[in-house]
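Notes follow once the structure below has been shown.
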Amino acid sequence: MYFLVSLHSSDSHLHVVIRHLHVVIRHLHVVYRISVTWPFAHPLHVFGRANSPDMIITHYACFSLFTQHNKVIEKRIFFSLHVSVQVKLWRVRDPDQEQPGEAEVTLCPREGRLELLSFHPTSSGLLAVGSSKTVQIWDASRPDAPLAGTVEGRNGRALHMQAWRIDPSLSLSLPFSSTPRTLMPLFDPDTGLLIVSAKVTPLLVSHCVTDAPTRGVAAVPKLVLDVSSCEVMRVLQLTDSSIVPVNYHVPRKVNEFHADLYPDTVGQTAAMSAEEWWKGGDKQVRPPLSSSFLCSGFLLGRRSSLLTCRWATFCPGCSTSSSPLSSLSSSAAPSRSPSSTSGLSSGCLPSPSQSAKAISSLLGPSSKFRHLQGGVLHRDTHFTNLRGLNLTTPGECDGFCANRHRVAVPLATAGGQIAVLELSQAGKLADTGLPTIQNSVNVADFTWDPFECHRLVVAGDDAKIRVWLVPNGGLTEVLTEPKAVLQGHTEKIYSIKFHPQASGLLASSSYDLTVRLWDLESGREVKVLRGHNDQIFGLAWSPDGKLLATVCKDGKVRIYDPRKSADPVQEGSGPEGQRGARLVWVCDGRYLMVSGFDCRSERTLYLYSTKSLSSGAIASAPTDVSPSTLIPFYDPDTSVVILTGKGDTRVYVFEIVPEAPYFLECASFNSSEPHKGLAFLPKTECDVRDVEVARGLRLSKTSIEPVAFKVPRIRKEFFQDDVYPETAVWWESSLTASAWLAGSDGKYRHISLKPKDMTPVSEAPKEVQVRKYLPSSHYLEEKTDEQKKDELLSAMIGKLGNMEENPLPQESFQGVDEDEWVREPLSHTHANC
């Protein structure tokens, strides 16, 4: 809600006389005039052609306006000045609400024609009204009579300018071009910029000449500036038919906060009331914003508007309900106190820690992996000339699988063949056929044993699971006989997953709506889990190996304790879409993350608490619309989940945190062509010297490319121990399948990834802060022609270098002595001629 004061007159011609202009900006609104008596507030963010014709802007002033001294005092109070004999205060509501038809308060100076308004820079509701004879001081909460009045103007002439004194020691005199128009100054005390312009002539702001003639100018409040692009001032120019913004930027590196350009600016809470000022008070407005808060938008990696978060902090009590006018003079209103709304102890941010808390509470936490960079490694590590790739693997299959030594890729040839490639033998594959594994039936899913790098388990369309052993050094001939065949399912198998702790323990799901557990050492089925009513999209073991979770087409997510019951111990609603889903345990097993589809077929990530699955998803994060299911890979060390779908070109990255907002989106990786799958290698394969946190293999139509995900850091000579905690050795089993079935539980062994010759960054010496840029005065000051000429000559001499220290190349050549020249007799020369 806003208040506006206008001055009214019976003179019909006065509405076309524009004595002075203030475009009022508050809460993204511009106040302008449609008719002689009716002011209108228009949203500043709505651009384009206005619907109301004949918009005539006269003199407006605002308690929330950055005046010539850049002081913001009272919220939601607007005054408009027309050449008149009355000052009227209006309560202006939001644009979507009906505007008032009558003024709420009227001030009657009775001193002739009124022309100017000005507000005190530190006191609430204190207004100076200038007429053709005198200047009067009014308290908006006491409209009966003015507080004081000054002497009449000389010779009865109108007072064309009035201002509250801020610093009597400041004085300035500058020559300008001759013009019959009065210059309108705008001064920013933070940067020392002075902007002057005259009406009717083109806008002149620091030698910036605009196209259209100027009817008025106004400075935009500091809170609206885009600090991420080093914008130090913004001016709005009023022309005959439009309002044009003029932006001023300092040439600096963008997306970095430059504290020297943005000192602490003034607040918007009055230091005292009008009555306190009249009694002799001399308080100053405290700065509620620190430079650390100004840079919060891009410190968090976000490009959203900084203005939104600032209004949420310092104007949460804004309301559209009417309030007594006497509240204008109160400087201690609870709804307007920064400390009462932002949770801070005062109107400013006293320390970086409190600043970080305020930023976190307003914009949410940010991930330290938000700038994670994905990149394809050198071509020498690629497998190229890959032919005959099977592109029709089921949706429940990852497409291919890999371990630290080799990669298995399904081929489209008959018999369900699988090519096995050694990672140590990267390069261009031969044009001739490769030795393969002959599975004899189409491949439904396949995976490497995490504890035995030579064992590959393949599920087929014939409801059988075949176990293959790859010899050391890779395949040299075609394998046709599996090591073992597991039978028990009655229909086609969906997917298979190894137990994370027990060796030789395998889980499989099938079209017969069961999940079966297998002991590979004995080759027998040990458990059968039931309770599904439709296709099982995916299954996942908990990190400790005690529980097994499934997501089903019937819209349910289930958790099993296989050693205690064949029925689920928990059940809850899953994704609404029935196109497919995957799931993975995150945050040390406290949550289940499910990637699926919503009711509009949009790919969405859901987070469930494993303690209360029946309560439904506690958070969700939509991604995009695509037919393929996002396949997740979760890194427990960083709590980062990497997702992509078969046929996608984009790889999503999120950090999962155990509190709201749960999903913190990081920078994604995009490839030039669609990939058919993405498999990840153990953490020991990452290059910690280059701050690599994950390494995967990207399968395309004709190649396999390693992809490294790195955290950008400056001091890479130190081991980044905040990124690399001790990692679990998940490629080593902690117990056997029989021991787990008997009730025992395993526990991972942890190791440090720190090389012996590196020092942790937490123990590194502190860096000395070096100023990267010169102070703002160096860029803002105007240089003379002589200074510019000297700088140009110095730059030219510096580029050419010192000729004595760096002689030209031809000066080092050896010449020929005079006596070495061959002289021909003159007569001989003539004869030849």
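For the single chain, residues carry numbers from 1 onward in sequence order.
Atom CZ of R590 sits in a crowded spot, with more than 12 heavy atoms from other residues, nucleotides or ligands closer than 6.0 Å. Atom NZ of K646 is surrounded by more than 12 heavy atoms from other residues, nucleotides or ligands within 6.0 Å. For K368, the NZ atom sits in a packed shell: over 12 heavy atoms of surrounding residues, nucleotides or ligands are nearer than 6.0 Å.
No donor-acceptor contact under 3.5 angstrom links the side chains of N403 and H405, judged on distance only. Between the side chains of Q501 and S734, at least one donor N or O lies within less than 3.5 Å of an accepting N or O. Side-chain atoms of R650 and S668 form a donor-acceptor pair, as typed in the model, at a separation below 3.5 Å. For the residue pair S508/H489, the side-chain donor-acceptor check at 3.5 Å is satisfied. Counted by atom type alone, S762 and D721 present one or more donor-acceptor pairs between their side chains at under 3.5 Å. A donor atom on one side chain and an acceptor atom on the other are not found under 3.5 Å apart for T649 and S671.
Every residue two or more places apart in sequence or in another chain that forms a side-chain contact (heavy atoms from CB on, under 4.5 Å) with P682 is listed here: R404, T684, E685, W730, W731. Every residue two or more places apart in sequence or in another chain that forms a side-chain contact (heavy atoms from CB on, under 4.5 Å) with A540 is listed here: L583, W585. For K716, the side-chain hydrogen bond (donor to acceptor under 3.5 Å, both in side chains) partners two or more places apart in sequence, or in a different chain, are D690. In this view, Y494 and Y511 satisfy the ring-ring contact (aromatic ring centres under 6.0 Å, His included) rule, not counting sequence neighbours. Legend: residues meeting side-chain hydrogen bond (donor to acceptor under 3.5 Å, both in side chains) with R689, ordered by chain and number and at least two apart, are D757. I618 meets the side-chain contact (heavy atoms from CB on, under 4.5 Å) test with Y591, L607, Y662; sequence neighbours excluded. Judged as a side-chain hydrogen bond (donor to acceptor under 3.5 Å, both in side chains), and not counting sequence neighbours, the contacts of R558 are D554, E571. For S639, the side-chain hydrogen bond (donor to acceptor under 3.5 Å, both in side chains) partners two or more places apart in sequence, or in a different chain, are Y634.
If you take OG on S440 and CG on D462, they are separated by 6.5 Å, rounding to the nearest 0.5 Å. Taken from CG in L529 to CG in D567, the straight-line distance is 9.0 Å, to the nearest 0.5 Å. Note that SG of C552 is 8.0 Å distant from CD of Q535, once rounded to the nearest 0.5 Å. One distance of note links CD1 of I559 with CG of L548; it measures 9.5 Å at 0.5 Å rounding. To the nearest 0.5 Å, atom CG of residue L630 and atom OG of residue S595 are 5.5 Å apart. Residue Y560 holds its OH atom at 14.0 Å from NZ of K527, rounded to the nearest 0.5 Å.
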Practice prompt. Decide salt bridge (charged side-chain N to carboxylate O under 4.0 Å, His left out) for D635 and K683; before the verdict, give the C-alpha distance in whole Å, the side-chain angles of both, and the deciding distance to 0.1 Å.
Written response: CA-CA 9 Å; D635 178 22; K683 201 63 174 286; 3.1 Å; yes
Worksheet item: Between K701 and E673, does a salt bridge (charged side-chain N to carboxylate O under 4.0 Å, His left out) hold up when you go through it step by step?
Response: CA-CA 9 Å; K701 190 174 181 179; E673 59 177 335; over 6 Å; no
Discussion item. As a quick check of understanding, evaluate salt bridge (charged side-chain N to carboxylate O under 4.0 Å, His left out) for E705 and R698, giving each step before the final call.
Written reply: CA-CA 5 Å; E705 304 169 347; R698 174 181 171 271; 2.8 Å; yes
Discussion item. Show, in sequence, the C-alpha distance, side-chain angles and deciding distance for V515 and H532, and conclude whether the side chain to side chain contact (heavy atoms under 4.5 Å, CB included) test is met.
Written reply: CA-CA 9 Å; V515 175; H532 299 92; 3.9 Å; yes
Only distances under 3.5 Å count here; give the side-chain donor-acceptor pairs of residues 478-488 to other protein atoms, sequence neighbours excluded, each with its distance to 0.1 Å.
none

Would you be so kind as to tabulate the donor-acceptor pairs closer than 3.5 Å made by side chains of residues 384-391, with sequence neighbours excluded?
from	atom 1	to	atom 2	distance (Å)
N385	OD1	R387	NE	3.2
N385	ND2	L429	O	2.8
N385	ND2	D431	OD1	2.7
R387	NH2	D431	OD1	3.2
N390	OD1	T392	N	3.1
N390	OD1	T392	OG1	2.9

If you look only at distance, which donor and acceptor atoms sit under 3.5 Å apart when one is on a side chain in residues 651-660 and the other is two or more places apart or in another chain?
from	atom 1	to	atom 2	distance (Å)
Y652	OH	D624	OD2	2.8
E655	OE1	S367	OG	2.4

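At a threshold of 4.5 Å between non-hydrogen side-chain atoms, the residues K754 and Y724 do not count as touching. Residues L377 and V707 form no side-chain contact, since every pair of their non-hydrogen atoms from C-beta on lies 4.5 Å or further apart. Residues T436 and L411 form a side-chain contact, since some pair of their non-hydrogen atoms from C-beta on lies under 4.5 Å apart. By the 4.5 Å heavy-atom criterion applied to side chains, S620 and Y606 are counted as neighbours. Looking at heavy atoms from C-beta onward, V467 lies in side-chain contact with L520 at the 4.5 angstrom threshold. By the 4.5 Å heavy-atom criterion applied to side chains, T476 and P435 are not counted as neighbours. Side-chain contact between L506 and V457 is present, with at least one heavy-atom pair separated by less than 4.5 Å. Counting heavy atoms from C-beta on, the side chains of T638 and F709 never come closer than 4.5 Å.
With respect to the salt-bridge test (charged N to carboxylate O, under 4.0 angstrom), the residues K553 and D534 do not qualify. Salt bridge K492/D512: absent, no basic N to carboxylate O contact under 4.0 Å. In summary, R563 and D745 engage in a salt bridge, as defined by a charged side-chain N under 4.0 Å from a carboxylate O.
Panel note: side chain S542, backbone K546; a donor-acceptor pair is recorded below 3.5 Å. No donor-acceptor distance shorter than 3.5 angstrom exists from the side chain of H371 to the backbone of V711, with no hydrogens or angles considered. Put simply, the side chain of T736 gets close to the backbone of A739: a donor and an acceptor are under 3.5 Å apart. Counting only distance, with no hydrogens or angles, the side chain of Q570 and the backbone of L613 share a donor-acceptor pair below 3.5 Å. The backbone N or O of P450 sits nowhere less than 3.5 Å from a side-chain atom of E452 that would complete a donor-acceptor pair. Here the side chain of T610 pairs a donor or acceptor atom with the backbone of G589 at under 3.5 angstrom.
No option in H675, K676, R603 other than R603 meets the side chain to side chain donor-acceptor pair (under 3.5 Å) test with D648.
Annotation for V528 and A566: closest pair O-CB, 3.3 Å, computed over non-hydrogen atoms. Looking at every heavy atom in both residues, A402 comes nearest to L697 through CB-CD1, 3.7 Å.
Annotation: ring-ring contact (aromatic ring centres under 6.0 Å, His included) contacts involving residues 423-475, sequence neighbours excluded, are absent.
With a 6.0 Å cutoff to the six-membered ring centre and a 45° limit on the axis angle, R524 does not count as a cation-pi contact of W518.
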